[in-house]
Amino acid sequence: MVLFLLSLGAELIANDKPILVGFDGGYYLPVFKTYPETFFGGEFETEADYRDPVVQELINDKGWMLWPPVKFSYRTINYNLTVPAPSPPSAENWLGTDDQGRDVLARLIYGFRLSVLFGLLLTVAGSAIGITVGAMEGFFGGWFDLLTQRFIEIWSGMPVLFLLIIMSSVIEPGFFTLLALMLLFSWMALVDVVRAEFLKARNLDYIRAARALGVTTPVIMFRHALPNAMVAALSMMPFVLTGAITALTSLDFLGFGMPPGSASLGEMLSQGKNNLQAPWLGMTAFFSLAVLLSLLTFVGEAVRDAFDPRKIFRE
């Protein structure tokens, strides 16, 4: 959670623009607002390049700049490298640069945020659909259950990765485009476990008692039966989340994911594969993914235990 919250403020941690500029008695936030070079006494009306020594001298003559810890954004190219790119870790580039001269640490921070946000959104949306479908199957049964199960068997038998590659090569890739494409297949992960719990719960005494008292079907499903089914669903959610991140990483690694230039853990893995002479690239991507997926699994297990009604009542 700490790593994720820090990554949400990635622009304040890794950026090629100062966080705060004090100039000629005023205070400015280049991270959030664009200022032309002429604003600081320069010659060009385009956005100021704060890494340019001329711009830095203009600002320092009448003020000061507060830089983030990492003075590079995920797409900033370091033109002042003393060795050819990819360059090894140094005091300026803490984890080195990739083969385009971009800072690896900055791309890691932004890529971490992108991967976790993508995985969380896909897990929440897919789980909402899967839990609803599974609950309706298990509670109503009959023809609805039979037809839905046959559809899921056919739909889940498709080669998901190949279909995603085909679709992403036809449709312009983007964050929400990939999210929608992967949502078409990810919702099935929780259907079976929720369906089994509802099949068991619908014949229990407290459900029959609620029916006899005239409680409506939606209230019975989501207030009385769903809490017990959520224990099994929460047990699966960490795997759904890690699977979503892994799928995005795989697409980016193959070149069918986010648009070129985007900060991505999969693109970092591809950089490591293409530059075996620069082991820091592959090691950074590997250990980042290993730590990320492990921590997400631990968080998922803790959430499952926290919402388990049997543990709550037992305590």
Side-chain angles (χ1 to χ4, degrees), residues 1 4 115-164 167 175-176 178-204 206-207 217-251 292-312:
M1 291 296 292
F4 176 58
S115 298
V116 176
L117 285 176
F118 185 90
L120 286 175
L121 288 176
L122 185 61
T123 301
V124 170
S127 298
I129 298 173
I131 290 172
T132 303
V133 173
M136 294 174 65
E137 278 191 71
F139 195 83
F140 296 114
W143 282 103
F144 179 80
D145 181 30
L146 183 65
L147 294 176
T148 307
Q149 279 296 105
R150 300 295 78 76
F151 171 77
I152 291 176
E153 289 173 2
I154 297 171
W155 195 244
S156 62
M158 295 184 179
V160 177
L161 186 59
F162 292 115
L163 287 175
L164 290 174
M167 293 180 187
F175 183 87
F176 292 102
L178 288 174
L179 187 67
L181 290 176
M182 294 181 65
L183 185 59
L184 293 174
F185 302 96
S186 64
W187 61 272
M188 296 178 289
L190 298 178
V191 171
D192 290 338
V193 293
V194 175
R195 172 178 173 269
E197 291 294 325
F198 268 80
L199 282 172
K200 178 177 66 175
R202 68 177 183 173
N203 293 319
L204 296 178
Y206 71 95
I207 299 293
T217 299
V219 173
I220 294 175
M221 290 177 62
F222 294 100
R223 179 179 294 178
H224 300 292
L226 184 61
N228 288 327
M230 283 302 295
V231 177
L234 287 170
S235 302
M236 292 292 296
M237 278 187 186
F239 302 102
V240 176
L241 179 56
T242 55
I245 295 176
T246 304
L248 178 64
T249 303
S250 302
L251 289 174
L292 170 61
L293 298 179
S294 300
L295 291 178
L296 286 175
T297 302
F298 294 149
V299 170
E301 291 179 353
V303 171
R304 176 199 63 192
D305 293 340
F307 284 94
D308 189 345
R310 288 168 292 189
K311 284 195 172 186
I312 295 174

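All of these numbers come straight from a predicted model, not from anything done at the bench. Reckoned from all heavy atoms, side chains included, excluding hydrogens, waters and symmetry mates.
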Pairs of donor and acceptor atoms involving the side chains of residues 149-162, under 3.5 Å and at least two apart or interchain, shall be tabulated with distances.
{"from": "R150", "atom 1": "NE", "to": "E153", "atom 2": "OE1", "distance (Å)": "3.1"}
{"from": "R150", "atom 1": "NH2", "to": "E153", "atom 2": "OE2", "distance (Å)": "2.6"}
{"from": "W155", "atom 1": "NE1", "to": "L184", "atom 2": "O", "distance (Å)": "2.7"}
{"from": "S156", "atom 1": "OG", "to": "I152", "atom 2": "O", "distance (Å)": "2.7"}
{"from": "S156", "atom 1": "OG", "to": "E153", "atom 2": "O", "distance (Å)": "3.3"}

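- Nearest heavy atom pair, residue P238 against residue L296, reads CB-O, 4.3 Å.
- Atom CZ of F298 is surrounded by 12 or fewer heavy atoms from other residues, nucleotides or ligands within 6.0 Å.
- A side-chain contact (heavy atoms from CB on, under 4.5 Å) with L122 holds for exactly one of L117, L178, I245, L183; it is L183.
- Closest approach of A233 to V194, counting heavy atoms only: CB-CG2, 4.2 Å.
- Between A189 and V240, the shortest heavy-atom contact is CB-CG2, 3.8 Å.
- Put simply, OG on S186 and CG on L241 are 11.0 Å apart, with the number rounded to the nearest 0.5 Å.
- Contact detail for A225 and F198: the closest heavy-atom pair is CB-CE2, 3.5 Å.
- Here the closest heavy-atom approach between residue G119 and residue A244 is recorded as CA-CB, 4.0 Å.
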Report, one line per pair, each donor and acceptor closer than 3.5 Å where one atom sits in a side chain of residues 127-138; sequence neighbours left out.
{"from": "S127", "atom 1": "OG", "to": "T123", "atom 2": "O", "distance (Å)": "2.6"}
{"from": "T132", "atom 1": "OG1", "to": "A128", "atom 2": "O", "distance (Å)": "2.7"}

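- Rounded to the nearest 0.5 angstrom, L293 CG and T249 OG1 are separated by 7.5 Å.
- Residues A229 and E197 come closest through the heavy atom pair CB-CB, 3.6 Å.
- T297 is linked by a side-chain contact (heavy atoms from CB on, under 4.5 Å) to T242, E301, counting only residues two or more places apart in sequence or in another chain.
- Sequence neighbours left out, not one pair with a member in residues 154-164 passes salt bridge (charged side-chain N to carboxylate O under 4.0 Å, His left out).
- Here ring-ring contact (aromatic ring centres under 6.0 Å, His included) pairs that include residues 118-149, with residues two or more places apart or in two chains, are F118-F175.
- Side-chain contact check for L179 versus M182: every heavy-atom pair is 4.5 Å or farther apart.
- In this structure D192 satisfies the side chain to side chain donor-acceptor pair (under 3.5 Å) test with no other residue, sequence neighbours excluded.
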